[in-house]
Each structure stands twice: as C-alpha cells, then as structure tokens.
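Take a look at the structure set out below.
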2 protein chains.
Amino acid sequence: MAQMRRYAGGVDGNRSLERGIEILRAFRPGIDTLGNGEIAERCGLPRSTVSRLTRTLVNSGMLDEIRTERTYRLAASVISIGHAMRTGSPVLNAIGPMMRAESAKRRLNVGLATADRTMMVYLESIRYSPRAALRNVVAGQQVPMELTSLGRAYLAGLAESERERLLKLFKRRSAAATRALLAEVRRSISAVERGGYCAVSWQPAVLAVATPIVLDGLPVYALNMSLQNVDRSDALASELGAYLNAFAAKCKEVLAGR
Amino acid sequence: MAQMRRYAGGVDGNRSLERGIEILRAFRPGIDTLGNGEIAERCGLPRSTVSRLTRTLVNSGMLDEIRTERTYRLAASVISIGHAMRTGSPVLNAIGPMMRAESAKRRLNVGLATADRTMMVYLESIRYSPRAALRNVVAGQQVPMELTSLGRAYLAGLAESERERLLKLFKRRSAAATRALLAEVRRSISAVERGGYCAVSWQPAVLAVATPIVLDGLPVYALNMSLQNVDRSDALASELGAYLNAFAAKCKEVLAGR
DNA sequence: CGGCCATTTCCACTAAGTGGAATTAAGGGA
DNA sequence: TCCCTTAATTCCACTTAGTGGAAATGGCCG
C-alpha cells in the first residue's frame, strides 16, 4: 500500500534509521551525556520510541549507558568509524602530509574541511606553534559555514543551486544581521571567484584565508591557512592568499593524478 | 501482534537501525569504498534493503555517494560525531594532558583505549619521537584485544562473566594456536592481578605494558606505555611497568575527584 | 549498437514498529 | 525507613512503514 514512501513528509528512506542517526547527532561538544527524556525533547520523538532506539544503539555499540545516571554517552565505536573515514579519504591521504610540511615551512595553521549540513568539519587542522610540544592536530571540529573563510570558500566551490539552498538556511538561522551577513558572504564568494581565495577574521586577532577544492565525484573541500595574534591588514591577507593559492595549486596537481 | 520483540533471533531493538549501523561498520581502514552489492554481501542483507538503507544514510549525511562509481564512502559527519565523543569523554579530558606530559617526560609512547566489540580502540595514542615533527597522535585506531597488552589489561579489568564471554569469542575467531594463545592471555591477566600491569610484545621490537582503569559507571579503559626498537627483556619490562603503575596511580587520583 | 551484469524500483504482504496508557523503578524528603 | 514525586520502561492494539522477490531500468563493454 504505502510502499514505505514518504512518512510524515519525508520521501523514501528508512524512518527508524534516520531517527537513530539523529539521536547520535544530538550529542555534540558541550552535550556530553543525554537521557532518554532530553533526547526525546531535542529530537522531537515520543519517549517510548527513544527508549527503544537508544537500547538498539547501545546494543550496536554506538552508545554507552551510564546506569547510575540513567543517561547515555557516545561510545568508542564512533571514533573507530571516524578513523576509518579519515583513513579512507583520498583527499586527506594525498595532501595531509603536504599540509603538515607546509605548516612547518610557513609557520602557520593549515586546515582541510568539508561540510556537515550547515557546519564545516575539519578533516585535519594543523595548528602551528613555535613550541613544538603545543603543535596540535584536530579533526572533527566544527565551525559555522557562513562565518568562516573555510565555509565561504566551500560555498564558492559549490554548484549554484546547492549554494542558494544553503544561503536560505542561514537566513532562517541567524535572525539578526542577516542582511549584512549575507552580503558579506556573497562578497567572499566573489573574492574567491576573482582571486582564488577569500579572507575572513572570524575570531579576534586571527586572520584566515581559504580556497575551495573541487574534484569530480567527490564532495567539495576547502583548504585554509591562518595566523594568530595579528591585526587584519589587506597586505597580510594578500600575502597569505598568495601562499594559499600556490599551495592549493600544488595540491590540485597531486590530486589530479588520482 | 509481535510487539517488535525478537526479529530473526534478536531480542528487542530496532532492526533497521541495527542494520544501518552495521552498514557503517562495514567501512574500515582498507575498505574505503563499498557498493550496494558488496555491502549486501558483507552484511548478509538483501540488495533491495541495502539500497534503501544506504539512501537513508546518504540523506542523513553519514555516507557520501560517488555517483561515477556507484559506490559509497563514509562522510565527514562521522568524524564530527567522533570528535564529540572525544570531547565528551571524562576520562580522556582528565588524563589526556597528563598523558602528553608523561610521554614527553619519559620519552615513550602513551595510549588510552577501550573496547569496541573484540577490538581495542585508541581514544588517544601519543607516539613519542625524538624528532618533534614526527610526534604523532592518533585516535580511533583499532588493535586486536587478545594479542595486545592493552586488550589483556582491559580483560583483566572486566567482570568475570563479561571476560569469559569475550574469551569464547576469541576461541571461535582464531582457529590456529587457540590453546596456546588463550593460556597466554590468562597469564597476562594474572600478571595484572599480581603486579598491576602486563607486558606484551605484539609487534617485533616493540615492548608494551598496560594496566586497566576501572571506574564506577564507566566502561573499563586501559592505559599503556610502549617503546620501539628494543629487545624484550624482563628488566626493561619491569622498569616500564613501574613507570606505568606510578602514572596510573596519579591518573586514578585525578579521576576519583570527578 | 545490442546483450549483459548490477542496481534500483515496484508492489503485495505482513510483521515490525509505533506511541498513548499503564506500570515500574528511581531519587528525595520527612 | 517509608512514602511521594518524577521519569523511564513495558504493554498492547493498530496499522503503517518496511520487506524482499520479481520486474524494470540503466551503464558498460565487446
């Protein structure tokens, strides 16, 4: 009869699986543990349904149950899947070592990211520090797409239709300053189209430049370079941009022979 | 009628979600891309079912579809969930910095892991290298439980019943050398019970010692230290063991005040 | 350009999953 | 210690969402 198509507005696909994934997604930095009640509320699901789905996720090893608190936490399995993802990423494999070398050579931060819905996710972020012990590599961290050079470069690398879809989402998200923000985003996008990169100071005293990497059959990526403890200056931005353009060209060359 | 309990042998839980997770798990290091056919085979599922579930996973952002190859790859979302896991781990948060300091101080590798089914998963693995540039931190990597100091220390920290359940699984897994291997595992476990740690040279020229960390309400963890390019010697093992015991004691102290 | 494999769509069937209501279990005073 | 409040879990009738074999579609290679 209803051959599994469109449950409550969705089209095709498996509702339970979708819900289960949504539950996993409800855990994020700052939200370390969740109980069934809170999950039900955040995901907009009936409590009995959540109870069953979390049980399944525990049995599948994706969640750890904290019996004493009647609460759940992401289990170690999720990082082993994450590791598999990084291991299997042809882009990261190809240019990861180059990024590390470039970070050391230029003494700046180098990052590679792609999108997870409306956020950018670092596949690798090499934080340069003169104290080698503080050198820091993070993967999986998220930053907002519309506010960062990474995100705007990503948008610039996207096909028109997909880009407009995302821009609409931002409009809905940040009630304030929408007009000005969107204009800024579009300015960054055309900067990429003209000069290959865009520069943004999302965080105070940090200057970042980014450029998209578009490869056939793969998601769009964005590559960035950044410097801490500097004042924004156009001269510095264009110096960084030149470095980035040169490095990105090298990367694309390597990636082309894949 | 059948109120969702026991589908094909399982008890309670959501079949579609379980299957979806199993599909994600089918991707691991060395298996970068999978098509629906191969997934169906590996997971023992009908092809049409797989087709629908992979579609759902793509829509949920867990898989990327490579249209040109009619194949799938883990998407960036999985590392953002993995990052959330690490961020939310109270154990890693508490002792991660201590591990880094200890690695630098003692000039050896320090790792923290827990179990994912029959494998151990590193939450953090700090590879000491005299060349600071080569210092390497990996998370999510898996090593077999029964063959490593990490895994055996984990087993030693487990409750009797759970431990025996796992030992039976190993028996089924490795047809050869089962007898001798299991005896060795049991010897490692009693070593932990007597001296606090066990020593294993899983890989040639690498000596590793490990100890369990058992905390109320949390999974069992294992902490290890290792040295590359050394010959196995009992003297060296007991020196390492002493370092490890001292460090683990410090960690437990910190963890107790949680 | 036509045959061949693999993947997706179709569709009748029904068991798997749903969610409101009842029940049970867990803290929190007194 | 026992009762009371609050939240999680189990129950259960309902029915839709999911299933999987079969048909159709679509890439690909000779």
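Labels below follow one simple rule: chain letters A, B, ... track the order of the sequence lines, proteins then strands, and each chain is numbered from 1.
Both A:Ser48 and A:Arg67 lie close to DNA chain C; mapped to their nearest nucleotides by heavy-atom distance, the more 5′-ward contact belongs to A:Ser48. Projected onto DNA chain D by closest heavy-atom contact, B:Pro46 and A:Gly37 fall at different nucleotides, the more 5' of which corresponds to A:Gly37.
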Side chains of residues 27-47 of chain A: which donor-acceptor partners sit under 3.5 Å, not counting sequence neighbours?
{"from": "A:Asn36", "atom 1": "OD1", "to": "A:Thr54", "atom 2": "OG1", "distance (Å)": "3.0"}
{"from": "A:Glu38", "atom 1": "OE2", "to": "A:Arg42", "atom 2": "NH2", "distance (Å)": "3.4"}

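The side chain of B:Thr49 approaches D:dG20 more closely than any other nucleotide in the set C:dG19, D:dG20, D:dT10. When distances run from any side-chain atom of A:Arg47 to the nucleotides D:dA7, C:dT18, C:dG17, the shortest one goes to D:dA7. The side chain of B:Asn36 lies closest to C:dT8 when the candidates are D:dA8, D:dA17, C:dT8.
B:Arg165 pairs by the side-chain hydrogen bond (donor to acceptor under 3.5 Å, both in side chains) definition with B:Glu162, not counting sequence neighbours. With sequence neighbours left out, the salt bridge (Lys or Arg N to Asp or Glu O under 4.0 Å) criterion links A:Arg194 to no other residue. With sequence neighbours excluded, the residues forming a salt bridge (Lys or Arg N to Asp or Glu O under 4.0 Å) with A:Glu160 are A:Arg163, listed by chain and number.
For the pairing with B:Ser77, the side-chain hydrogen bond (donor to acceptor under 3.5 Å, both in side chains) check across A:Arg117, A:Gln142, A:Arg25 returns one residue only, A:Arg25.
For C:dC10, the OP1/OP2 oxygens have no side-chain nitrogen or oxygen of B:Arg52 closer than 4.0 Å. OP1 or OP2 of D:dT10 sits under 4.0 Å from a side-chain N or O of A:Arg55. The side chain of A:Asn14 places an N or O atom within less than 4.0 Å of a non-bridging phosphate oxygen (OP1 or OP2) of D:dG18. Taking side-chain N and O atoms only, B:Ser16 has a distance below 4.0 Å to OP1 or OP2 of C:dG17. The phosphate of D:dT19 (OP1 or OP2) has a side-chain N or O of B:Arg19 nearer than 4.0 angstrom.
Residue B:Leu34 contributes atom CG, which lies 16 Å from atom P of C:dA6 at whole-angstrom precision. Rounded to whole Å, the distance from CZ on B:Arg15 to P on C:dT14 is 15 Å.
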Mind listing the N/O atom pairs, protein and nucleotides 24-27 of chain D, below 3.5 Å?
none

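Between the B:Ser188 side chain and the B:Cys198 main chain, no donor and acceptor come within less than 3.5 Å of each other.
Applying the salt bridge (Lys or Arg N to Asp or Glu O under 4.0 Å) rule to pairs touching residues 84-99 of chain A yields A:Arg86-A:Glu124, sequence neighbours excluded.
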